[in-house]
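The sequence lines fix the lettering, A, B, ..., with proteins before strands; numbering per chain opens at 1.
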Amino acid sequence: MAERLSNREGIKGMANPTRYGIERVAYWLQRLTGLGLLAYLIGHIFETSTIVHGKVAWDKMLEFTQTPQGHIILTLVIGMCVFHTANGIRVMLGHGGIGVGKPGQPEYPYKAASLNYKQRLCIWVSIGLAALAMMYGASVLFGD
Amino acid sequence: MRESIIMKIHYGTALGAVVLVAVHILMRMTQNFDQSLQYQNVIANYHFLPYALMLEAILILLSVHGFNGLRVILLELKQGSSYEKIVNYGSIASMAILIAYGSRTILMAGMGIS
Amino acid sequence: MAVVTAPKPSEELISIDKTLDQLNTITLRIARSNPAEGHETTYSEFKVPVKKWTTVLEAILYVKQNLDHAVAVRYSCRQASCGSCGMKINGKPSLACYTKVSELHSNVITVEPMNNFPIIRDLAVDFKQLISNHKKMKPFIIREDSEVTPESKEFIQTPQDVEKYLQFSYCIKCGLCNAACPTMATDTSFIGPQGLAQAYRYVADNRDKGKEDRLKIVDDSHGIWRCHFAGSCSHVCPKGVDPAMAIQLLRGYLLGFQK
Amino acid sequence: MVNSIELDLLIVGSGLAGLRAAIQAAKVSSKLKIGVISKLQVMRSHSVSAEGGTAAVLYPEDGDSLESHVYDTVKGSDFLGDQDVIERLVQEMPSEIYQLEHWGMPWSRREDGRIGQRPFGGYSFSRATYAQDKVGFYEMQTLYDTCQKFDNIEFYNEWFVTSVIHDGQSFCGITAIELSSGNFYTFKAKALIIATGGAGRVYSFSTYSLSSTPDGLDMAYRAGMALKDMEFVQFHPTGILPSGILITEAARGEGGYLINKDGERFMKKYAPNKLELASRDVVSRAMMTEIDEGRGFKNETGVECLKLDLTHLGKEVIIGKLPAIREISLKFNGIDPVTEPIDVRPVCHYMMGGIHTNIDGATEIQGIWAAGEAACNSVHGANRLGANSTSECLVWGKITGEQAAKYILEGKSQPPFPMHLIATEEKRIYDGIFRGSGSVNPYEVRQELTDIMNSKAYVFRTENNLVEGLKQVRQLHQKTWKHVDDKAKEYNTNFSNVMELDSMFRVAEVILMGAIARKESRGAHARVDYPDRDDKNFLHHTLVYYDTKEPVLKTHPVTITKYQPVERKY
Ligand SMILES: Cc1cc2nc3c(=O)[nH]c(=O)nc-3n(C[C@H](O)[C@H](O)[C@H](O)COP(=O)(O)OP(=O)(O)OC[C@H]3O[C@@H](n4cnc5c(N)ncnc54)[C@H](O)[C@@H]3O)c2cc1C
Ligand code: HEM
Ligand code: SF4
Ligand code: F3S
Ligand code: FES
């Protein structure tokens, strides 16, 4: 049957984090922050490349980035980086089968052991750390 | 390449980056943030060989990790053998370009245009 | 001799369905489509009387039997054992026979075919992909002496050995996990949580010697690595199989965390 | 033009019997093209619902013996079981358990790592081999998964078989409708195994899957094969209300009590030795007697019932050994058996009767075998013991698979295909049913029919009731229900439902006629007007043949080898 008729949810389904609990939100944030960081990395490489054109060019670039908008972006990048790193470590350990619970006879009403409180806690901690880092970053950037 | 090797590289680059990025960012914190970005200071950093090497490492790790991440997302979005080939080679090419471009900066700045 | 003592046969069973007082009515919206005939999805609405134990499947069958014979829906065991009746109920992949109307706390119930499976008609979806991916996982005991001889006794397995895979072997192949998984939403070649969990079910069985085979199969560009531990599969699994756990444990072998 | 598919071996039905047969045939030769065809998706067959256990003698060293399993089964059958057949079952079973184990079956284990067994009704030893309380499910999974090993087994998921075609002597093929497309096909093959399972949905209160309708029995019956012993319908003591979902006998095997309104363990009056673990017919009759004499409870649905008390077993036993029972009762009744007794009532659960076969599962037509619940090789006689049915499915799945495969390899010449029968069948289906007309709702007719069966041919039967039931069924048949309102081709379950209803009428008639003719009480067939067993006149099987006018009843001798009938007491 043609894939057109396959009733797949498509990108919207993949990108909708509002169902299936916090783990799905974490998945979504990990993707989004990964992409955001990649975009920033590319930008950052271009940004820093100005240095080869000497001080004038560099200062011009600094001027350009050291605006409120630039600071907001940088704050976001800090948050993304912290979340992606912290959650990435959780995900990596999980992928290795660590902290995903132990198989055993499930008991009705079934609660999946892999969606355990440790995993949830780590997700919230990652979000929390990201928020803290952003606050700190913002205070450094916007403070004088 | 087997997918498991690629993904081990993905995780490996991420782990390596954790340490190095932390150092990179902490460097910004050793001084006042604004000062750390002053031209002289930045150039001085580039002249300091271990630091330049570290920047190069970060550059490679993150390009590999980031573009492989992008590759993964793209592979999942759409399938088909020619599409997948384009994605696979495209991401390798992008990594190479970004690394080359970034290395140029490090090299030139490090070589002492001052 | 077999002795019978009862005076009279009993007749009251017939009235089971008819003696209820706590009657309540809900609106059931059923997604209708017939792709082969080019009919796009529309929604039909029905008023259905329900009691406190009425399941969504019973509500749908009430419609089929009394209001519209043409509703296409798959069902069989009505006790969550066969895996036939997976569908989207108020947006969430669920078993119709295992979801009571009263649990949904809503007077309007919308049932739609599961996502990520081609629609055959109305609520019935095509399982070819799930079935063939399951087969690709070599879901059977791989070892030389798996056929018995007259002298054979069992392979010894302690209750603790059984616990290592038992949970994963309760998969009823309902496909809800595949309907919920975000990778499945876009990746048409992904094996899917159902198949991957079954690969682990056999790897974790200490009678099996096919671990290397299966690891090779899942280590593919649309294999196990396309799982990002989103957990949605385990979130919707009606049988406590926890495919997310199975997949991560299986990947543990590939990453060298498990031996 | 009719689409046609050619195979070597056809297996209709993908329950335990069908899948076991497929594997065996595939083992005999990898060259055979084997097709397993099922009106459900293969892995969804009714067998997944079997809960409690599979009987086999595994521990002679602990005191069990083949002899004892044979005798328990003979006694359970109220001496109507063919004893040579029973011996075959008992002998073959242990190796079937080990074979399943070798294929991956998650049998529950004893602490020493060997396979676990539990007590079951009617047995003098704990020999119900178990895997928690999901035995049938795990067995189905093991067989289905093992089938994936063989590339010469092809599954036809969701194909509704409508008729068996033969030339009067040998098998030629079948006709079937592919549900997803609605297309009509003929299959040509050299041998057929019918494994279409039980037909308990002719009763409205039933433990069976909603798909357990008699279409398989009916297609054999229409094709001229006899249905045997159909009057023997097993009523399981413990179905929950209102759905009829089963609470396995294992609940009593693990030590559960049945209690009446006075809080009394009433089974001590009826079966002082075995109590709740007497055979099912005995327990069900005891329960109905209690209810009829006013010692039942009233369930919230308004139906009379008794209570099954597991509370004294403790949480650990219930969760460890009966998790599905707990799940079912929590989910469907909101009752946790750990703290509260469950409302139960006897419920239609098994058909001892089926397509008449010999000890090898061969039917009267060359090239056709029948296995599992659809077949009647008379292993269960007048009453089946719990856990003996999954055993039967496995053993005769294996036997028929092997026999049919060998028969094909012998390469007997094929009779020419009787094409005219295809045209007749097409006419029957499409003109008679698909394009039929009428104003009566077939689903209401189905409800009425099954209600009649429930009230007239339930645990206790009388001449009056049965005759009245037969009359009502025939009247109902006359109504204009033979029409399909859903006109689409694709996945038309309205169509298959009406086809199923059509078959129900014929099989209900056979059950009632057999029950009327058997003027005695034996096993599951309890006649209030003939309360005793009558070995002089009725120690024989009932055969019923199809005839366009009125079914033809015949009798068939019982094979007795070692055990002469004696009084049956528990
Ligand atoms: C609730 C319950 C619990 C049970 N527990 C136990 C137990 O603990 N121990 C025990 O020994 N026994 C038990 N039994 C009995 C046992 O489960 C059955 O007798 C056995 O599973 C029957 O298996 P089968 O292979 O003969 O057929 P089934 O599993 O019934 O399969 C029938 C197959 O035929 C197919 N079919 C039917 N008609 C058609 C058609 N027209 N065209 C195509 N395909 C068709 C169906 O799709 C299905 O695949 C239990 C029964 C019930 C109802
Ligand atoms: C430094 C610490 C980092 C860690 C520990 C880390 C970890 C991870 C992990 C484990 C994944 C895999 C997620 C999955 O498969 O579900 C991932 C994905 C990804 N990462 Fe990183 N990462 C880090 C930094 C970065 C940076 C700086 C970038 C940007 C260049 C980046 C870009 C990506 C992208 C694009 C993905 C793909 C997202 C997805 O598949 O969901 N990562 N990261
Ligand atoms: S893992 Fe769970 S949700 Fe997925 S198919 Fe199996 S039972 Fe269904
Ligand atoms: S939802 Fe999908 S991403 Fe993995 S954990 Fe489950 S398979
Ligand atoms: S009908 Fe079998 S799982 Fe719902």
Among A:Q30, A:K102, A:E107, residue most engaged with chain C (heavy-atom pairs, under 4.5 Å): A:K102
Partner chain C: residue of A:G13, A:P109, A:A15, A:G101 with the largest heavy-atom pair count (under 4.5 Å): A:G101
Side chain, backbone, both or neither of [X] within contact of chain A (heavy atoms, under 4.5 Å):
X: C:Q129; value: side chain
X: C:P238; value: backbone
X: C:V236; value: side chain
X: C:C227; value: backbone
X: C:A179; value: backbone

Quick one: what part of [X] sits under 4.5 Å from any heavy atom of chain C, side chain, backbone, both or neither?
X: A:A113; value: both
X: A:K12; value: neither
X: A:Q119; value: side chain
X: A:I98; value: side chain

Pairs meeting criterion ring pair (Phe, Tyr, Trp, His ring centres under 6.0 Å) with involvement of residues 174-227 of chain C, two or more places apart: C:F168-C:Y200
Pair listing, ring pair (Phe, Tyr, Trp, His ring centres under 6.0 Å) test, anchored in residues 34-55 of chain A, at least two apart: A:Y40-A:H44, A:F46-B:Y101
Geometric class of the C:F127/C:F117 ring pair [parallel <30°, tilted 30-60°, perpendicular >60°]: tilted
Options C:K239, C:H228, C:R251, ranked by heavy-atom pairs under 4.5 Å with chain A, top entry: C:R251
Contact leader toward chain A among C:Q160, C:K164, C:H235, C:M114, where contacts are heavy-atom pairs under 4.5 Å: C:H235
If we ignore hydrogens and angles and just use 3.5 Å, is the side chain of [X] paired with the main-chain N or O of [Y] as donor and acceptor?
X: C:Q167; Y: C:G240; answer: yes
X: A:R90; Y: A:I123; answer: no
X: A:R8; Y: C:M184; answer: yes

Residue from C:T41, C:T42, C:I120, C:L123 passing side chain to side chain contact (heavy atoms under 4.5 Å, CB included) with C:S33: C:T41
SB check A:E9 A:R19 (cutoff 4.0 Å): yes
Ring-ring centroid check A:Y27 C:F229, cutoff 6.0 Å: no
